[in-house]
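Remarks on the structure that follows.
Only this structure's heavy atoms are used, side chains among them; waters, hydrogens and symmetry mates stay out.
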Amino acid sequence: MVRTAVIIAAGMGSRLNGEGGNLPKPLVRVGGVGLLNRAILSAKVAGIGRFVVVVGYRGEEIQAAIDSDPQIDVPVTWVYNPEWERANGVSVLKAREAVDGPFVLMMSDHLFE
């Protein structure tokens, strides 16, 4: 079973058009829970125990919010993508050194149960 997830959370989130106020997209709340928090917590319930999160735009702010959240009690490895304005595949490639086997690829703004 796959136990690692790579989550792409690097983009600007311009398609939200200000819906999240001044928050970076991965921190925008849907149903009272931030998008990235929801992705991590949902994947944890599904059996994922290790997370590699690729950030770019406002990455330090995103990392600080997740690292200080007591609900996130699983290991998170942070990878910074300085080319965050490029396609998502670039962010996946940036994560390659932090992953040593099969992984699930997730986007911070895709919701699932």
Side-chain angles (χ1 to χ4, degrees):
M1 177 178 207
V2 176
R3 301 268 185 217
T4 300
V6 172
I7 303 177
I8 305 304
M12 185 182 289
S14 58
R15 290 177 296 214
L16 286 178
N17 293 326
E19 290 299 318
N22 191 35
L23 291 172
K25 179 172 64 173
L27 301 182
V28 170
R29 294 182 172 277
V30 174
V33 180
L35 287 169
L36 182 53
N37 289 54
R38 182 181 298 278
I40 292 171
L41 295 171
S42 296
K44 178 184 168 190
V45 168
I48 300 297
R50 179 174 175 262
F51 295 85
V52 175
V53 179
V54 183
V55 293
Y57 177 74
R58 294 175 69 178
E60 290 178 3
E61 185 178 345
I62 295 165
Q63 181 177 349
I66 297 300
D67 284 348
S68 66
D69 187 330
Q71 287 185 302
I72 306 300
D73 61 352
V74 290
V76 177
T77 300
W78 296 95
V79 174
Y80 177 70
N81 176 9
E83 300 176 277
W84 59 266
E85 294 179 273
R86 295 183 63 196
N88 283 341
V90 174
S91 289
V92 175
L93 286 173
K94 297 292 182 186
R96 71 182 170 262
E97 291 185 19
V99 178
D100 59 0
F103 63 91
V104 155
L105 176 61
M106 301 171 60
M107 305 298 145
S108 66
D109 61 343
H110 290 188
L111 304 178
F112 65 93
E113 70 173 283

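Under the side-chain hydrogen bond (donor to acceptor under 3.5 Å, both in side chains) criterion, D69 pairs with N37, not counting sequence neighbours. Residues meeting the ring pair (Phe, Tyr, Trp, His ring centres under 6.0 Å) test with W78, sequence neighbours left out: none. Shown here are the side-chain hydrogen bond (donor to acceptor under 3.5 Å, both in side chains) partners of R38, two or more places apart in sequence or in another chain: there are none. Scanning for ring pair (Phe, Tyr, Trp, His ring centres under 6.0 Å) contacts around Y57 gives W84, with sequence neighbours left out.
Atoms CG and CD1, on L41 and I72 in that order, are 4.0 Å from each other to the nearest 0.5 Å. Atom CD1 in I48 sits 12.0 Å away from atom CD1 in I40 (nearest 0.5 Å). A distance of 11.0 Å separates CD in Q63 from CG in L36, rounded to the nearest 0.5 Å.
Chaining together hydrophobic side chains whose heavy atoms lie under 4.5 Å apart leaves V45 on its own. Under the 4.5 angstrom side-chain criterion for Ile, Leu, Val, Met, Phe, Trp and Tyr, M1 has no cluster partners at all. Hydrophobic side-chain contacts under 4.5 Å tie F103 into a cluster, directly or through other members, with V6, I8, V52, V54, V79, V92, V99, L105, M107.
Pairs of residues two or more places apart, or lying in two chains, that qualify as side chain to side chain donor-acceptor pair (under 3.5 Å) and include a residue from residues 92-108 are E83-K94. Sorted by first and then second residue, the salt bridge (Lys or Arg N to Asp or Glu O under 4.0 Å) pairs involving residues 43-64 (not counting sequence neighbours) are K44-D73, R58-E61.
Residues V90 and M106 do not share a hydrophobic cluster, defined by chaining ILVMFWY side chains whose heavy atoms lie under 4.5 Å apart.
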Trace of the side-chain contact (heavy atoms from CB on, under 4.5 Å) decision for L35 with L111: CA-CA 8 Å; L35 287 169; L111 304 178; 3.6 Å; yes
